[in-house]
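Read the structure below first, then the notes.
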Amino acid sequence: MRENLKFVAVGHVDHGKSTLIGRLLYDTNSLPPDKMEEVRSMSESSDGVPEFAFVMDHLEEERNNRITIDTAQIFFDTAQRSYTIIDAPGHKQFLKNMITGSTQAEAALLLIDAEEGLREQTHRHAYMLSLLGIKQLMVVINKMDLVDFSQERFTELSQQITKRLGEFGMEVAPEMIIPISARLGDNVAGPSDKFSWHEGMTLLQALDQLQPAVTAENGPLRFPIQDIYDVDGEKVLAGRIVSGTVRQGQNIMFHPCGKSATVDHIKDFPTKKESAGAGESIGLVIRDGIALKALRRGQVACEIEPSPQVGNTVVATVFWMNGEPLQKGDTLDFKCATQQVSCKVKKITDRLNSSTLEILDGDADQLGETEVARLTLKLSDYICTDPFESIAEMGRFVLMRDTNTVAGGVLH
Amino acid sequence: MDRLDELESQSIYIIREAYYHYKKLAVLWSIGKDSTTLVWLCRKAFFGKIPFRALHIDTGYKFPDMYKFRDEYSKKWGMDLVVSRNEEAIAAGMGPEKKLECCTVLKTQGLKLAIAKHGFEALLLGIRRDEHGIRAKERYFSPRDEKFQWDYQDQPPELWDQYKNQAEEKTHIRVHPLLHWTEKDIWYYIKREQIPITHLYFSKEGKRYRSIGCTPCCNPVESTAANVDEIIQELETTNTSERAGRAQDKENVYTMQKLRALGYM
């Protein structure tokens with residue numbers, strides 16, 4: 001089977017994300033004939049260029065209003081590998097859908113309209129990508145046909161975005177900034193003579209430079225218990241390894257409870273295994289019956305050293321995604337890996353506009369939709385965590401109010 | 001881990017999440033390749049024995065081969081199978097000549113009746129994002145209100161592997177463990193795991209079914225692919241969409257959106 005890479009397309013509303021994706025599918029011959037016919041028959045454009053955005057925008061409301069409301073995923077192949085494209089909406093009010101899409105991506109493609117330049121959601125999306133830990137980025141300067149394929153304009157925008165990204169520690173390699181016209185197809189799948197000054201790659205060539213995410217097999221073992229099953233009289237700890245490897249006979253320690261045990265074997269169906277690594281969903285059978293009584297969902301089987309941090313207070317960077325603001329003193333549910341506790345918001349500091357990056361308050365009483373802040377949370381119980389930069393799954397979390405996810409956050 | 005290992009592991013994680021949070025859970029089994037793969041993954045997730053029920057919504061219009069396959073493998077795999085039919089509507093003469101109304105009454109209503117009767121809080125469904133543009137917008141854990149409606153304009157955020165783990169009252173949660181698979185992935189996985197599959201997918205006299213549902217609304221496609229390897233070969237070269245033989249996708253471009261907003265799978 002071929003390698004697959006998932007990337008999210010982000011950027012300001014109307015900068016052409018859906019059009020670009022439609023174009024990519026068309027130019028890589030990935031659209032079925034019936035779908036192409038559907039696009040043609042629905043498109044009202046009179047100049048004979050199909051309305052590519054219709055390929056992605058499937059809801060009637062989306063097509064009639066010519067906007068993308070929700071994130072979608074679509075698949076295509078190049079000679080090198082297959083791709084999953086995650087289309088993310090560009091409107092501010094659909095930021096939660098952009099974030100939903102981005103948390104599933106290994107890389108991002110940030111689109112900028114050559115005529116309009118950097119806008120509110122260009123800034124916001126770029127900053128959100130940095131918070132979500134997406135390090136691989138390419139920048140696409142679209143609608144170059146509207147600026148007469150001007151090299152000067154391209155250079156100007158390249159400098160602006162590079163500088164902006166640098167302000168929050170993101171980098172884009174100069175060769176990964178690509179000028180295109182998605183609507184006309186220039187420099188997307190093949191080179192275009194309109195860009196005689198562009199010596200770099202086409203968009204497809206640049207995509208093929210992105211690297212798939214690597215699983216964290218070399219990190220320290222972290223195995224959050226998802227559930228405990230009784231299988232033929234044997235207690236099996238079910239879950240997915242998020243970091244490291246686990247082997248038969250290995251000594252492990254569970255956190256936050258602090259109990260140690262030895263691995264008897266690794267259960268799989270229909271056989272057994274001697275070892276398993278990051279990314280695998282397995283069943284773990286331990287030898288020591290004493291630890292077993294204390295175990296339940298949320299305990300994490302860990303390497304003896306390095307051990308995770310255990311505590312009942314966290315300080316984290318949080319982005320708020322709900323229309324009803326967070327108030328200082330609110331009680332919410334906190335979910336990190338398979339751990340779930342309730343938490344009380346003690347402090348909201350450095351409240352930030354996620355587009356302008358302007359600090360709105362040093363010390364705030366509330367946090368509104370799309371805003372970012374440092375929160376101090378007092379938890380109802382002890383949990384274990386690792387810094388987001390070292391073990392992502394153990395350093396990121398969501399906050400729930402009632403039954404809804406209202407925020408996401410990362411621990412540094 | 002290769003791609004199939006990753007797909008499998010992610011699906012098993014989601015199935016186990018669903019079971020942890022929703023004890024009144026069922027897996028919807030249409031007997032097609034996707035939901036049979038889903039059943040297979042459920043067996044793997046729980047080391048052989050699925051600890052919840054399997055639900056078959058029978059419209060009475062399924063292929064004879066599908067009934068045969070269902071009865072054989074539900075027994076072989078020790079499944080706790082519930083078959084649900086909207087008997088009242090079938091008796092009143094609901095049938096494929098009524099087109100979309102038939103889908104809504106026999107499938108969607110049939111599902112409603114089964115949920116009401118058995119009190120299911122959550123259902124595992126084998127839909128995939130690459131099947132249809134509307135399904136591409138789905139979440140792994142997707143709530144439906146008491147009227148069964150899908151609020152596609154305001155879906156809850158779903159970050160990383162954190163899913164909606166509590167349902168509001170009077171709602172049920174649709175869980176989609178195969179959402180990230182493609183049609184090709186399914187066939188590569190069927191090949192690797194040697195999952196048994198109904199023979200309707202294999203070519204007979206130059207035709208085979210690429211997607212199966214009810215007899216009157218499914219058309220076979222021209223194909224000589226008579227086994228799993230040949231199907232993979234065919235899919236590596238074809239460009240026709242998988243559901244091209246399915247009537248409910250053709251009626252009108254927004255038909256699928258409307259059917260799904262009303263609770264269709």
Side-chain angles (χ1 to χ4, degrees), chain A residues 1-4 29-35 38 42 55-56 58-61 69-75 82 84 96-97 99-100 103-104 215 226-227 229 231-232 236 238-240 267-270 277-281 283 297 321 335 337 340 393 396-398 400 402-406 408, chain B residues 1-6 8-13 16-17 19-20 43-49 51 129-130 132-134 136-139 143 152-168 179-180 182 184-185 188 238-242 244 249-250 253-254 256-258:
Chain A
M1 282 206 79
R2 295 151 58 83
E3 174 182 271
N4 180 277
N29 206 20
S30 307
L31 282 177
D34 51 334
K35 209 148 273 179
E38 187 191 325
M42 290 200 55
V55 175
M56 290 302 282
H58 262 276
L59 302 175
E60 192 167 4
E61 294 80 355
I69 292 175
D70 210 333
T71 182
Q73 295 191 13
I74 207 155
F75 306 84
S82 24
T84 306
K96 67 183 169 83
N97 298 335
I99 293 171
T100 292
T103 63
Q104 308 296 330
T215 46
Q226 202 180 353
D227 207 342
Y229 304 140
V231 184
D232 305 325
V236 178
R240 184 167 52 179
K267 207 170 167 60
D268 205 0
F269 178 75
E280 290 186 61
S281 284
R297 179 182 165 100
M321 301 185 291
K335 297 203 302 180
Q340 181 166 356
E393 287 86 348
R396 64 194 187 196
F397 62 89
V398 299
M400 315 254 300
D402 302 322
T403 63
N404 297 313
T405 298
V406 287
Chain B
M1 286 176 87
D2 68 13
R3 174 162 166 80
L4 289 179
D5 294 331
E6 281 168 21
E8 177 191 71
S9 177
Q10 171 80 356
S11 298
I12 289 176
Y13 187 80
R16 288 173 171 171
E17 281 299 277
Y19 179 63
Y20 181 81
R43 294 177 68 230
K44 288 194 110 167
F46 304 103
F47 309 102
K49 172 82 181 138
R129 285 197 176 106
D130 77 325
H132 195 283
I134 293 300
K137 308 246 183 210
E138 268 289 3
R139 301 281 192 265
Y152 53 76
Q153 294 215 57
D154 188 21
Q155 296 199 71
E158 189 168 78
L159 272 51
W160 303 300
D161 293 315
Q162 298 293 353
Y163 307 112
K164 193 171 172 69
N165 57 8
Q166 271 177 290
E168 286 83 6
L179 207 52
H180 53 295
T182 65
K184 269 191 259 180
D185 295 332
Y188 275 109
T238 185
N239 241 350
T240 318
S241 62
E242 180 182 5
D249 294 33
K250 291 194 168 159
V253 284
Y254 301 123
M256 195 65 170
Q257 176 182 349
K258 305 227 151 88

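Below, chains carry the letters A, B, ... as their sequence lines are ordered, and counting in each starts from 1.
- Interface check for chain A: of the options B:His180, B:Glu158, B:Arg16, the most heavy-atom pairs under 4.5 Å are formed by B:Arg16.
- Counted by atom type alone, B:Glu6 and A:Asn4 present zero donor-acceptor pairs between their side chains at under 3.5 Å.
- The contact between A:Val236 and chain B is made entirely by side chain atoms (from C-beta outward), counting heavy-atom distances below 4.5 Å.
- With a threshold of 4.5 angstrom between heavy atoms, B:Tyr13 approaches chain A through its backbone and through its side chain.
- Chain A forms more heavy-atom pairs under 4.5 Å with one residue of B:Tyr163, B:Tyr19, B:Tyr188 than with any other, namely B:Tyr188.
- Heavy atoms of A:Glu3 lying under 4.5 Å from chain B are absent altogether.
- Side-chain atoms of B:Asn165 and A:Gln340, non-hydrogen and from C-beta on, do get closer than 4.5 Å to each other.
- Annotation: cation-pi pair B:Arg43/A:Phe269 absent, no NZ/CZ under 6.0 Å from the ring centroid and within 45° of its normal.
- Of the two parts of A:Ser30, only the backbone, made up of N, CA, C and O, holds a non-hydrogen atom closer than 4.5 Å to a non-hydrogen atom of chain B.
- Using a 4.5 Å cut-off between heavy atoms, A:Asp402 contacts chain B through its backbone alone, with no side-chain atom that close.
- Between chain B and the residues A:Arg297, A:Met321, A:Glu393, the most heavy-atom pairs under 4.5 angstrom are made by A:Arg297.
- Annotation: maximal heavy-atom pairing with chain A below 4.5 Å, among B:Met1, B:Lys184, B:Glu8, occurs at B:Met1.
- Inter-residue side-chain proximity for B:Leu159 and A:Thr100 is flagged as met; some heavy-atom pair is nearer than 4.5 Å.
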Next on the checklist: A:Gln226 vs B:Tyr20, test: side chain to side chain contact (heavy atoms under 4.5 Å, CB included). Steps then yes/no.
Outcome noted: CA-CA 8 Å; A:Gln226 202 180 353; B:Tyr20 181 81; 5.9 Å; no
Take A:Gln104 and B:Trp160 through the test side chain to side chain contact (heavy atoms under 4.5 Å, CB included) and record every step on the way to the result.
CA-CA 6 Å; A:Gln104 308 296 330; B:Trp160 303 300; 5.6 Å; no
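- Atom OH of residue A:Tyr229 and atom CZ of residue B:Phe47 lie 7.5 Å apart, to the nearest 0.5 angstrom.
- Counting heavy atoms from C-beta outward, A:Asn97 and B:Lys137 have side chains that stay 4.5 Å or more apart.
- With contacts defined as side-chain heavy-atom distances shorter than 4.5 Å, the pair B:Glu17/A:Asp227 does not qualify.
- For the pair A:Lys335 (side chain) and B:Gln162 (backbone), a donor-acceptor distance under 3.5 Å is absent.
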Q.
Run the side chain to side chain contact (heavy atoms under 4.5 Å, CB included) test on B:Lys164 and A:Asn404 for me, step by step, so that the C-alpha distance in whole Å, both residues' side-chain angles and the decisive distance to 0.1 Å come before the verdict.
A. CA-CA 7 Å; B:Lys164 193 171 172 69; A:Asn404 297 313; 3.2 Å; yes
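- Side-chain atoms of A:Arg240 and B:Gln10 form a donor-acceptor pair, as typed in the model, at a separation below 3.5 Å.
- Between the side chain of B:Lys49 and the backbone N or O of A:Val231, no donor-acceptor pair lies under 3.5 Å.
- A salt bridge does not link A:Asp268 with B:Lys44: none of the charged nitrogens is closer than 4.0 Å to a carboxylate oxygen.
- Contacts of A:Glu280 with chain B are made by both backbone and side-chain atoms, with heavy-atom separations under 4.5 Å.
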